[in-house]
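In listed order, ligands and their atoms are each counted from 1. Just so it is clear, the structure is predicted and the values come from calculations on it, not from any experiment. Values below: every heavy atom of this structure, side chains too, minus hydrogens, waters and symmetry copies.
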Amino acid sequence: MNLFDSSCSRVFGLLTVFIALLAVVFHYMENSESAEYPRMDLAALAENFKQKNKTCFILGASGETGKVLLKEIVQRKIFSKVTLIGRRKLNFEDQIYENLVQEVVDFEKLEEYAAAFQGHDVGYCCLGTTKAKAGTEGFIRVDHDYVLKSAELAKAGGCTHFHLESSRGANKASSFLYLKTKGQVEADIEELGFERYSIYRPGVLLVNREESRPAEWLAQRFLSAVSSMLPAMSIPITSVARAMVVNTLWEGEKKTEVLENKAIFNLSKIGEKQ
Ligand SMILES: NC(=O)c1ccc[n+]([C@@H]2O[C@H](COP(=O)([O-])OP(=O)(O)OC[C@H]3O[C@@H](n4cnc5c(N)ncnc54)[C@H](OP(=O)(O)O)[C@@H]3O)[C@@H](O)[C@H]2O)c1
């Protein structure tokens with residue numbers, strides 16, 4: 001065996017040990033997450049929910065999760081009114097979107113758009129950007145300030161159930177900007193005292209994104225390859241959107257709930273046709 005072969009096999013060995021260790025850690029973390037749900041008749045829950053004539057708004061409906069969430073919601077016809085709140089008007093060709101209301105707002109002057117948030121029972125927030133795209137300040141502005149202000153206006157406008165798409169590892173004490181910002185906004189919204197507040201903490205989102213994000217792309221490739229060993233690390237975007245809808249229909253009683261990756265995945269499977 002030459003020097004190159006021997007270095008390669010050493011690197012490969014170390015990588016295998018590293019992945020195995022990661023698998024043990026995540027297996028432990030995953031099993032420590034509470035992710036069991038009672039049996040549910042989703043069709044009956046949906047029917048019951050429809051009778052209540054509830055309304056909702058979606059922030060970030062042009063984004064990857066938001067798009068899928070919106071489709072789930074309009075296909076199921078569970079709300080009497082669906083409002084999209086965003087910085088630009090979206091165009092839809094399919095008839096299923098014909099009754100949408102669209103509110104175009106300036107997120108830098110959100111307080112001037114309080115009316116856009118009024119009269120919605122349920123609010124979904126899938127808003128977000130990246131440090132690479134917006135810089136540190138811009139990232140905090142969007143992922144914290146815009147999100148928190150929207151939640152405040154929603155609460156003032158009568159919203160009783162607020163859903164926030166946050167991130168795995170969100171922690172306001174973290175030294176990483178991304179996790180700290182996500183944790184801070186989670187905590188600040190909790191202070192607003194919604195009747196029900198659902199925080200989703202997905203791992204890496206598995207999606208064919210149109211926009212180029214090399215780091216996310218690399219993470220997705222790696223996690224797809226080792227997904228059986230590290231299931232707690234990633235999740236298809238469709239599962240996140242579906243879990244948000246199932247959770248809405250379920251109307252659980254916890255005031256604030258944090259759904260980690262596994263809980264999101266398990267919830268998304270409820271009522272799914274095999
Ligand atoms: N990527 C991951 O692997 C991952 C993992 C865990 C959690 N998350 C979190 O999950 C959430 C949704 O992620 P995603 O990938 O589905 O989102 P996305 O595709 O990046 O979409 C983001 C949404 O936010 C809006 N937005 C971004 N910057 C804005 C600004 N300056 N002003 C107003 N609106 C703005 C976008 O509107 P436009 O269409 O107008 O730009 C879009 O609707 C984010 O909070 C993200 O941090 C992501």
*Should the pair Phe92 and Tyr97 be assigned to parallel (<30°), tilted (30 to 60°) or perpendicular (>60°) ring geometry?*
parallel
_Which label fits His163 and Tyr200: parallel for a plane angle under 30°, tilted from 30 to 60°, or perpendicular past 60°?_
parallel
*Looking at ligand 1, does Cys126 have a heavy atom less than 4.0 Å from it?*
yes
*Just which atoms of ligand 1 are under 4.0 Å from any heavy atom in Ser62?*
36 (C), 37 (O), 38 (P), 39 (O), 40 (O), 42 (C), 43 (O)
*For ligand 1, which atoms, with element, lie under 4.0 Å from some heavy atom of Gly63?*
18 (P), 19 (O), 21 (O), 42 (C), 43 (O)
*Out of Ala170, Ala61, Gly128, whose heavy atom is nearest to atom 26 (N) of ligand 1?*
Gly128
_Using 30° and 60° as the class boundaries, would you call the ring planes of Phe194 and Phe162 parallel, tilted or perpendicular?_
parallel
*Give a yes-or-no answer on whether the side chains of Arg242 and Asn247 include a donor-acceptor pair shorter than 3.5 Å.*
no
_Thr65 and ligand 1 - part of the residue with a heavy-atom distance under 4.0 Å_ = both
*In plain terms, say whether Glu152 and Lys149 are close enough for a salt bridge, that is, a side-chain N and a carboxylate O under 4.0 Å apart.*
yes
*Give the minimum heavy-atom separation between Lys182 and Ser167, together with the two atoms involved.*
CG-CB, 4.2 Å
*Quick one: do Glu108 and Arg141 make a salt bridge, cutoff under 4.0 Å?*
yes
*asked:* Test your reading of the structure: does Ile237 have an N or O sitting under 3.5 Å from an N or O of ligand 1?
replied: no
*Any atoms of ligand 1 less than 4.0 Å from a non-hydrogen atom of Glu64? List them with their elements.*
16 (O), 18 (P), 19 (O)
*Are any of the N or O atoms of Gly66 closer than 3.5 Å to those of ligand 1?*
no
*Can you figure out which of Tyr178, Phe139, Tyr146 has its heavy atom closest to atom 32 (N) of ligand 1?*
Tyr146
*Judging by distance only, is a nitrogen or oxygen of Phe107 under 3.5 angstrom from one on ligand 1?*
no
*Go through the side-chain N and O atoms of Thr65 and Glu165 and say whether any donor and acceptor fall under 3.5 Å apart.*
yes
*Looking at Glu190 and Lys255, does any basic side-chain N land under 4.0 Å from a carboxylate oxygen?*
no
_Regarding atom 25 (C) of ligand 1: of the candidates Leu127, Leu69, Val207, which has the closest heavy atom?_
Leu127
*Atom indices of ligand 1, in the order listed, that fall short of 4.0 Å to a heavy atom of Pro202*: 6 (C), 7 (C)
*Using heavy-atom distances, let me know which of Lys182, Arg88, Arg201 sits nearest atom 40 (O) of ligand 1.*
Arg88
_Please compare Gly203, Gly138, Ser150, Ser166 and report which has the shortest non-hydrogen distance to atom 5 (C) of ligand 1._
Gly203
